[in-house]
Structure formats: C-alpha cells, structure tokens
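I have placed the structure first, in the form of structure tokens, so that the comments after it can refer back to it.
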Amino acid sequence: MQRIGMEPRKHWQRQAESLGFSFHSMNGDTYWDESACYRFSLSQIENDIETPTEEIHQMCLQLVDKAVHSERMMDQLCIPAVHWDLVRNSWLDREPHLYGRMDFAYDGRGPAKFYEYNADTPTSLYESAFFQWLWLEEMVNTGKLPPESDQFNLIQEMLIEVLVLLKKNRLGDNPLYLSSCKDTAEDFGTVEYFRDCALQAGIDARFIYVEDIGVSTNGQYTDLDNMTIPALFKLYPWEFMFEESYGRHLEESGTLFLEPPWKAILSNKAILPLLWQEYRGHPNLLPSYFESDKKSSDLGSRFVKKPLFSREGANISVYSEGQCTTRVDGPYCTDNCILQQYHPVPQFNGNHTLIGSWVIGDRAAGIGIREDSTAITRDSSRFLPHIIEDREL
Amino acid sequence: MKRSKSLRLSLLGVTPFVLAGCGAPSQDALIYPDASDCARDGQLSSALCTSEYKQAYRTHLRTVPRYKYRMHCADDFGSTCERQTTGDYIPTMQGYMLATREQRDQGMSFAPVPLYLSDDGDYVTGDYQDIDRRSRSGKIRVPKHKTVKPTVKTTTMTRGGFGSRAASFGSWGG
C-alpha cells in the first residue's frame with residue numbers, strides 16, 4: 001500500500017459538475033482529491049480487506065439474530081423499548097437490506113482493524129462507486145496509468161443487482177421513494193445517485209424530502225400528492241426516526257424501509273463491545289467495552305471514547321492515562337458511550353488515512369479512501385481514488 | 001478484474017464514452033446551427049431537419065450540464081450561458097449533430113445530439129467532447145462514439161452469479 005502523487009485531470013471539475021457530483025468541493029475546500037491515489041496489491045485487497053469485510057458482516061448478522069432475542073442487548077443498544085417489536089419483526093421477516101460501509105484502519109501490513117459499521121446511512125457512495133471508477137477508466141485510457149491497473153470496485157454493478165432483486169421480490173411495480181433532508185447537498189447527491197441506480201434497475205424511483213413526508217388518517221406515510229408510500233429509502237438515521245413524533249406510526253404504516261429497522265442494531269457503536277464479547281481476540285477487532293462495564297486490561301491505557309450514535313467523527317475523544325487528549329465536539333448525546341482500544345489510522349505523507357469498505361447485499365463490493373489532517377476522520381476529510389497494481393514500480 | 005467493465009448513469013448525466021478512445025471507428029455526421037440551416041443545405045428534407053432539431057432540443061433540456069454559478073458555466077461555455085428559472089446556469093444549445101441520409105437508408109442512424117460552444121468557440125457535446133469548428137456546417141467525420149445516443153433510462157443489468165445470496169435471504173442469521 002502506497003500513496004502516489006498524480007496529475008489531476010484538467011477537466012475533472014467540469015466533469016464532476018456535469019455528472020451530478022456537485023459536492024466535489026465543500027466550503028471552498030476540495031473534497032474529491034485526485035492529486036494522489038493509493039496503490040494496493042491484489043492480495044492486500046483480497047486477503048486484508050475483502051475477506052475480513054465479508055467475515056465481519058456475517059459476524060454482525062449473527063449478532064443481530066442474537067440481539068433481537070435479548071432484551072438485555074436491545075437495552076444496551078439503546079433502542080427504545082417501544083420499537084423493539086419493529087426491529088425484531090423486520091429481522092424475523094427478513095426485510096432486505098441494500099448497503100453499508102465498514103471503516104478500517106489499515107496500513108498495508110497486518111490485519112485491518114475494524115472501527116465501526118455505517119450500516120444505516122453511509123455516505124461517500126457516489127464518489128466510491130462511480131466517480132472513482134470513471135477516474136481510473138480515463139487514467140488508463142489516456143495512458144497515465146498502465147492498462148493492467150485495476151480497482152476494487154463492483155459497487156454500482158452490485159447495487160443495481162440488489163435493486164433488481166428488491167423489485168422482483170418485494171416492490172413489483174410499486175414506487176420506491178428516496179429521501180434525504182433539505183439543505184444537504186452531499187446527502188441529496190447520494191440519494192439522487194441511489195435513485196439513478198434504482199431507475200437503471202427498472203424501479204419507479206421518486207424523490208421526497210424527509211421533511212415533506214406526511215401521515216394519513218390511518219397512519220400511513222404519504223407523499224406530497226397524498227399517495228401512500230409503499231417503500232422508503234431514507235438517508236436518515238433510525239435513532240432519529242425512533243424518537244420523532246412520526247415514529248409512532250412506523251409499525252402501522254406498512255411501509256417497507258430501506259435500510260430496514262434491524263440495521264439500527266448495526267449502525268450503533270454498541271456492536272463494538274458486543275462483537276468483542278462474542279469474538280474476543282478476532283484479529284480484525286479492537287478490544288471494546290461499554291463505558292459502564294468492567295474493563296479488561298486488553299483495552300490498554302490509551303483508548304477512544306465514542307457515543308453510541310454519532311456520525312462523521314462527532315463527539316469522539318481520545319484518552320491517555322485517564323486524561324482526555326483529543327476531542328471533536330458535536331451535537332450527539334454523550335450519555336451512552338463505548339471505549340475502544342486506541343489504534344490510530346496510519347499516516348501517509350502526513351495524511352491520516354481511513355479505508356471505507358462497502359458491503360452491498362451481503363458481499364464486499366469495493367473500497368473508498370478518505371484522508372484527514374487529524375487522526376479523527378471528520379466531514380472535512382478528502383476522498384482519494386485507489387488502484388490495484390501488482391507490478392513493481 | 002476487481003472492477004466493473006462498464007457503468008453509466010441514467011439520471012445524473014451522460015457518461016463520457018471514454019472506452020471508445022483512440023483508434024475508434026469514425027463515421028459521417030451532419031452538423032448545423034439550426035433547422036433552417038439544415039434545410040438550406042439540402043441533404044435532408046426540411047421536415048426531417050425540424051423534427052430532428054426538436055428531438056435534439058428535448059435531449060438538451062434533459063441532459064444539459066447545470067451549474068450553480070454563472071462563472072463556472074462561463075469557464076466551460078463562454079458567453080453562451082443562460083440562467084434558468086430554477087436558478088441554475090446552463091449553456092444555450094448552439095447547434096445539433098444528426099445522422100446522414102445514407103445512414104438513415106442503411107438503418108444506421110443515431111439520435112440527434114445537441115451541441116454547445118466551448119470557450120474556444122468549438123462545437124462540443126454537453127460532456128465536452130470536441131466535435132468541430134463552429135464555422136463548419138454540413139457533413140463532417142467524427143469518431144463513432146461521439147454519436148452514441150445519450151441514454152436516460154435502462155432496465156435490468158445482470159451478470160451471472162452475483163446477488164444470489166441476496167436473493168435467498170434465508171441464509172442469514174442461522
């Protein structure tokens with residue numbers, strides 16, 4: 001694994017804008033960064049990323065199956081008791097899921113360490129699945145990268161396949177509504193990309209803002225034309241929907257949700273200590289504990305404190321010998337936290353590098369790489385493309 | 001290969017046909033600024049010139065690159081940018097490219113392509129593929145991939161093997 005400086009394509013910004021990638025820069029800073037790329041060997045991708053991703057995903061599914069039958073675990077996951085049946089039934093009914101992103105710390109040697117599972121509302125999908133792919137195609141085509149250069153990226157292709165199955169098995173000719181909150185260009189871009197893939201899968205895919213969703217007299221969710229919403233893809237976290245006033249209609253609505261309610265278990269950092277309880281010593285897991293539980297010495301004297309629910313690095317702090325040394329402020333409640341052994345992401349040329357490994361259906365489908373100037377990857381991070389090349393440089 | 005062989009977008013834009021690259025076969029095409037110029041040239045009937053223009057214009061409305069700022073649009077398309085009621089800036093359609101009579105007779109025709117003017121004054125497609133000088137009109141020769149019809153919606157794409165586990169959700173959790 002190496003970081004290689006590259007010449008950005010002259011027209012990349014124009015191309016990004018003409019292809020729906022409006023959030024290529026944020027607040028004046030570049031987000032899509034093709035001034036460098038990461039190079040992996042095939043065995044690094046297949047043995048160190050792809051295989052552990054599928055294995056951890058299977059471990060997570062086992063954990064879901066255990067959690068829905070355990071009130072103690074549901075309680076530890078901070079899922080409101082009033083929604084336990086919804087979560088349990090969505091699992092027992094085998095409601096389909098589409099995608100998720102696991103974050104790993106990996107430097108090219110040794111086992112990749114699992115940080116967390118963005119199993120409910122992952123972003124950076126478009127740039128991982130499409131724009132990164134397009135970058136490599138053009139770099140190879142213009143001779144800037146050798147023709148044998150490859151990339152671990154079947155994300156869009158596999159996403160369309162799971163959407164085809166969703167139509168076949170669940171949707172039929174019913175429309176799928178796709179939804180994000182107002183005033184977030186990045187979320188809107190991600191949802192529109194999802195809608196693009198759904199259209200390619202032959203689905204009647206319609207957009208509605210989360211805020212515009214209504215509820216009918218008999219508790220069904222409705223669109224702006226008062227049509228009921230048979231299926232809803234929402235880029236909006238379950239922990240919010242549970243708490244909000246419309247949350248009480250979740251069960252009676254009859255709406256099929258994507259991601260399904262059982263994903264609330266996996267997008268929750270309580271899975272980290274629960275996985276460590278079940279699979280202690282697994283090479284890809286870091287020792288993790290509930291803050292309130294008895295800790296074993298394997299946690300070490302340096303650890304990271306994470307709220308159960310947080311996104312984009314918010315409210316994460318680093319402790320060393322009992323003192324807080326780094327903290328990212330944020331809006332999330334910090335009453336319920338987990339502690340994870342301190343295992344910083346590696347640095348390449350002073351950049352802190354995090355690997356996002358995509359799970360589509362139940363398969364590892366590709367990766368995306370983000371860099372940040374600090375050890376905690378935040379929403380200010382940059383996205384860099386990657387290549388697979390086995391030839392010696 | 002660990003990556004997909006080909007991908008496209010149906011909604012967000014027209015994917016550049018990068019794979020056609022160098023050495024791609026070329027073919028004839030006609031370019032005109034508008035339907036009356038097309039009719040005057042006499043290679044196609046006036047009715048065909050008009051219907052093809054209308055079709056190109058519809059494609060334009062659907063696939064034109066949209067910019068948030070006039071400056072960004074002007075960087076690419078010079079002074080031909082206009083503001084839409086949505087607040088977006090788009091280049092004005094400045095011409096169209098269409099199939100020749102021979103291609104139509106042979107059933108080899110392609111959907112008309114809206115053309116714009118680059119900041120250098122060349123005819124370009126919406127995804128900025130250079131077509132020819134603006135001063136040119138009538139028959140030109142272009143790489144074949146530049147005349148590919150921009151797609152808007154497609155149906156199923158499958159490839160053997162993948163997704164079977166997703167179909168049989170029963171394999172989980174046991």
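Labels below follow one simple rule: chain letters A, B, ... track the order of the sequence lines, proteins then strands, and each chain is numbered from 1.
Within a 6.0 Å sphere centred on NZ of B:Lys68, heavy atoms belonging to other residues, nucleotides or ligands number 12 at most. Taking a 6.0 Å sphere around NZ of A:Lys182, one finds it holds more than 12 heavy atoms contributed by other residues, nucleotides or ligands. No more than 12 heavy-atom neighbours from other residues, nucleotides or ligands sit within 6.0 angstrom of CG on A:Asp173. Enclosure of atom CZ in A:Phe207 by more than 12 non-hydrogen atoms of other residues, nucleotides or ligands within 6.0 angstrom is indicated. Within a 6.0 Å radius of NZ in A:Lys144, more than 12 heavy atoms belonging to other residues, nucleotides or ligands are found. By the 6.0 Å contact criterion, CG on B:Asp120 is enclosed, its count of non-hydrogen atoms from other residues, nucleotides or ligands being greater than 12.
Looking only at heavy-atom pairs under 4.5 Å with chain B, the residue among A:Glu148, A:His11, A:Glu46 that has the most is A:Glu46. Chain B forms more heavy-atom pairs under 4.5 Å with one residue of A:Ile388, A:Thr142, A:Asp150, A:Leu136 than with any other, namely A:Asp150.
Electrostatic pairing of B:Arg3 and A:Glu157 does not count as a salt bridge here, judged by no charged N lying under 4.0 Å from a carboxylate O.
For the atom pair CG (B:Leu12) and CZ (A:Phe21), the distance works out to 11.5 Å, reported to the nearest 0.5 Å. Atom CD1 of A:Ile160 and atom OG of B:Ser10 lie 8.0 Å apart (nearest 0.5 Å). The distance from the CD atom of A:Glu137 to the NZ atom of B:Lys5 is 11.0 Å, given to the nearest 0.5 Å. Once rounded to the nearest 0.5 Å, the distance linking CH2 of A:Trp133 with OG of B:Ser6 reads 6.0 Å. For the atom pair CD1 (A:Ile367) and NZ (B:Lys2), the distance works out to 10.5 Å, reported to the nearest 0.5 Å.
Of all residues spanning residues 70-85 of chain B, those with a heavy atom less than 4.5 Å away from chain A's heavy atoms are B:His72, B:Asp75, B:Asp76, arranged by number.
Using a 4.5 Å cut-off between heavy atoms, A:Ile360 does not touch chain B at all. Of the two parts of A:Gln13, neither the backbone nor the side chain holds a non-hydrogen atom closer than 4.5 Å to a non-hydrogen atom of chain B. For chain B, no part of A:Leu63 is nearby; none of its heavy atoms comes within less than 4.5 Å. Using a 4.5 Å cut-off between heavy atoms, A:Leu42 touches chain B through its side chain atoms alone. Contacts between A:Ala129 and chain B at a heavy-atom distance below 4.5 Å involve the backbone alone (N, CA, C, O).
Formation of a donor-acceptor pair under 3.5 Å by the A:Gln200 side chain with backbone atoms of B:Arg8 is found in this model. Side chain of A:Asp196 to main chain of B:Leu11: a donor-acceptor pair is present (N/O by atom type, distance under 3.5 Å, no hydrogens or angles).
Under the disulfide bond (SG atoms under 2.5 Å apart) criterion, B:Cys49 pairs with B:Cys38, not counting sequence neighbours.
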Check your understanding: side-chain contact (heavy atoms from CB on, under 4.5 Å) between A:Arg14 and B:Tyr67: does it pass, once the steps are laid out?
Key -> CA-CA 9 Å; A:Arg14 164 165 40 234; B:Tyr67 298 83; 4.2 Å; yes
